[in-house]
There are 2 protein chains.
Amino acid sequence: MSVSATDIPNIKCSSCPIRHRAVCSRCEAEELDALEKIKYYKSFEAGQTIVWAGDKMDFVASVVSGVAALTQTMEDGRRQMVGLLLPSDFVGRPNRDEAAYDVTATSDVTLCCFRRKPFHKLLEDTPHVSQRLLEMTLDELDAAREWMLLLGRKTAREKIASFLSILARRGTTENNLAGLDSVEFDLPLTREAMADYLGLTLETVSRQMSALKRDGVITLSGKRHVIVPDMHILLNETGDDADGGMLV
Amino acid sequence: MSVSATDIPNIKCSSCPIRHRAVCSRCEAEELDALEKIKYYKSFEAGQTIVWAGDKMDFVASVVSGVAALTQTMEDGRRQMVGLLLPSDFVGRPNRDEAAYDVTATSDVTLCCFRRKPFHKLLEDTPHVSQRLLEMTLDELDAAREWMLLLGRKTAREKIASFLSILARRGTTENNLAGLDSVEFDLPLTREAMADYLGLTLETVSRQMSALKRDGVITLSGKRHVIVPDMHILLNETGDDADGGMLV
DNA sequence: CCCCGTCCTTGATCAAGATCAAACGGCACC
DNA sequence: GGTGCCGTTTGATCTTGATCAAGGACGGGG
């Protein structure tokens with residue numbers, strides 16, 4: 001557990017912003033009550049480590065706000081991000097008490113934590129939760145497989161374009177009604193974290209961002225705010241078949 | 001569904017070789033009976049496609065014997081394998097009726113298929129099955145994350161060594177009591193399929209196999225049979241921390 | 001205001017792996 | 001016993017992205 005996490009007061013599940021997408025989305029009143037009993041909120045600042053790989057992890061959690069990353073590090077320092085957790089995503093494995101990956105906050109993050117043991121027990125009793133967790137895990141596996149295609153076969157430019165598309169899709173506050181031409185959003189990651197996500201170096205990320213800007217695919221205001229004047233143009237750069245999975 | 005799959009007679013679950021590892025591993029007598037009712041066996045020859053991405057898929061299945069692969073293909077033909085299914089692994093997504101990936105037999109394969117609808121229903125009724133499926137899916141997600149590290153950050157030589165280690169671990173008939181020095185096994189994949197797995201070209205795979213042979217890390221008898229005289233040497237080539245996850 | 005640190009950009013060079021090309025070995029089939 | 005095919009090996013060359021190296025932009029603290 002990180003040194004300087006901040007405990008913050010619980011909010012009611014009923015007024016939770018991620019209520020409709022998280023593990024708890026299918027829960028009915030009494031199930032929510034059970035969850036309320038074992039939950040607590042915790043906040044982390046951008047850059048903080050939430051848990052180190054190998055550490056005991058006595059909770060699982062839902063990301064309420066902000067972005068967290070799972071990364072793996074090799075002995076010689078090579079790093080690969082293997083999970084990017086956006087609001088409503090689930091952290092941790094109910095039946096495992098050691099973290100398998102480093103978990104870090106790439107922006108300020110608030111987690112809704114559930115004590116692990118009671119949560120695991122609850123999984124056995126409330127099929128709604130375990131069914132939802134299975135569904136979310138399968139979705140995550142699909143996302144991991146997209147990501148594998150990106151890592152194994154895409155060019156640097158395609159990787160950047162794909163990454164920006166993903167953020168544009170999930171990052172904007174869902175006001176992008178499929179096919180909206182223009183989208184804008186903030187990058188919740190440094191260039192280095194993007195490189196770790198994409199299997200590139202930070203220099204290559206920077207160069208390709210500049211190239212996409214030069215070519216008018218994106219506009220930058222500051223270093224972290226991205227404007228995509230035309231999503232179709234960006235999607236064309238991803239290497240995925242036109243509008244294939246991205247917009248629909 | 002493939003053109004020329006072979007229907008073969010059912011065997012009893014009780015005498016099934018993958019009984020102890022598959023989705024059904026936790027089932028008790030009556031649950032097995034329910035499964036028996038909706039299952040049928042199907043065989044495919046090496047190279048055959050089991051389903052194409054986008055095809056209707058009216059079953060889910062366990063791999064009984066042989067090896068199957070999930071692959072994604074880009075418009076211009078670039079291909080990435082995103083799943084390698086060994087005996088006891090699960091194929092398909094219970095609540096999705098279209099295949100998301102091409103599924104092909106990389107060696108002769110026998111599947112134990114369950115009709116999708118009844119299986120999905122059974123998931124809701126028998127928590128043993130859905131719990132086991134969640135566990136298997138989480139394991140697969142972990143494997144996918146290992147794989148992402150491989151694709152994003154490992155050198156060609158490390159990729160090959162890692163791949164061989166994985167096969168050595170799961171491919172041998174579990175007679176390798178952790179840390180056995182010498183291991184041998186057959187490659188169930190062509191060089192091209194290995195390339196698709198590893199995000200390389202088949203030429204690079206071939207060259208690195210030759211290099212590992214030249215360096216005495218492996219011995220080949222024929223092109224498909226691999227002998228690893230000393231697993232520790234192979235593991236040293238994977239880039240993973242010494243004996244870290246592989247042997248223990 | 002300046003100093004320093006962090007994050008980012010840009011340039012020059014290098015190397016790993018891709019690409020293009022040829023040929024080999026084993027096997028099935030005539 | 002050829003002939004042809006498939007999977008594989010090996011060689012020569014090219015390209016992409018890594019690496020090495022400076023310097024710029026921004027922000028916070030003295």
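Every chain is numbered from 1 and lettered A, B, ... according to where its sequence line falls, protein lines coming before strand lines. As a basis for the values below, the full set of heavy atoms in this structure was taken, side chains included, without hydrogen atoms, waters or symmetry mates.
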- Note on the structure: Whole-Å distance, Met194(B) CE to dG17(C) P, equals 15 Å

- Query: Hey, does the side chain of Lys154(A) reach the backbone of Lys159(A) with a donor-acceptor pair shorter than 3.5 angstrom?
  - Reply: no

- Item | Given DNA chain C, 5'-ward residue of the pair Lys154(B) and Met209(A), judged by closest heavy atom | Met209(A)

- Message: Has Asp241(A) got a side-chain atom pairing as donor or acceptor with Glu75(B)'s backbone, closer than 3.5 angstrom?
- Response: no

- Task: For the residue pair Tyr40(A) and Phe59(A), categorise the inter-ring angle as parallel (less than 30°), tilted (30 to 60°) or perpendicular (more than 60°).
- Result: perpendicular

- Integer-rounded Å distance: dC7(C) P and Leu220(A) CG: 18 Å

- Rounded to the nearest angstrom, tell me the gap between atom CG in Leu189(A) and atom C1' in dC7(C). 13 Å

- Of the listed nucleotides dT10(C), dG17(C), dT9(D), the one nearest the side chain of Ser206(A): dT10(C)

- Grab the CD-C1' distance between Glu192(A) and dT6(C) for me, whole Å please. 11 Å

- Task: Check every atom of dG17(C), dT9(C), dT19(C) against the side chain of Leu202(A) and return the nucleotide holding the closest atom.
- Result: dT9(C)

- Message: In this structure, how many angstroms lie between the P atom of dT8(D) and the CD atom of Gln208(B), rounded?
- Response: 16 Å

- Item | Arg224(A) CZ - dA25(D) C1' separation (whole Å) | 14 Å

- Query: Should Arg153(B) and Asp76(A) be marked as a salt bridge (charged side-chain N to carboxylate O under 4.0 Å, His left out) after you check the CA-CA gap, both sets of side-chain angles, and the distance that decides it?
  - Reply: CA-CA 11 Å; Arg153(B) 296 302 185 192; Asp76(A) 61 3; over 6 Å; no

- Message: Quick check for you: among dT8(D), dT10(C), dA18(C), whose closest atom lies nearest to any side-chain atom of Ser210(A)?
- Response: dT10(C)

- Message: For Thr201(B) and Thr204(B), which I'm curious about, is there any donor-acceptor pair between the side chains at under 3.5 Å?
- Response: yes

- In terms of side-chain heavy atoms of Glu203(B), which of dC8(C), dC20(C), dT9(C) is nearest? dC20(C)

- Task: Would you indicate, yes or no, if dA18(D) has its OP1 or OP2 atom less than 4.0 angstrom from a side-chain nitrogen or oxygen of Thr201(A)?
- Result: yes

- Indicate, with a heavy-atom threshold strictly under 4.0 Å, whether Gly199(B) touches base, sugar-phosphate, or nothing. sugar-phosphate

- Message: Rounding to an integer number of Å, can you tell me how far His225(B) NE2 sits from dG7(D) P?
- Response: 21 Å

- Task: Would you mind telling me which residue lines up with the more 5' stretch of DNA chain C, Arg207(B) or Val205(A), judged by nearest nucleotide?
- Result: Val205(A)

- Task: Rounded off to whole Å, could you give me the CG-to-C1' distance for the Leu200(B) and dT8(D) pair?
- Result: 16 Å

- Message: Does Thr190(B) reach a base, just sugar-phosphate, or nothing at all? Heavy atoms under 4.0 Å.
- Response: sugar-phosphate

- Would you state whether a donor and an acceptor, one from the side chain of Arg157(A) and one from the base of dG17(D), lie under 3.5 Å apart? no

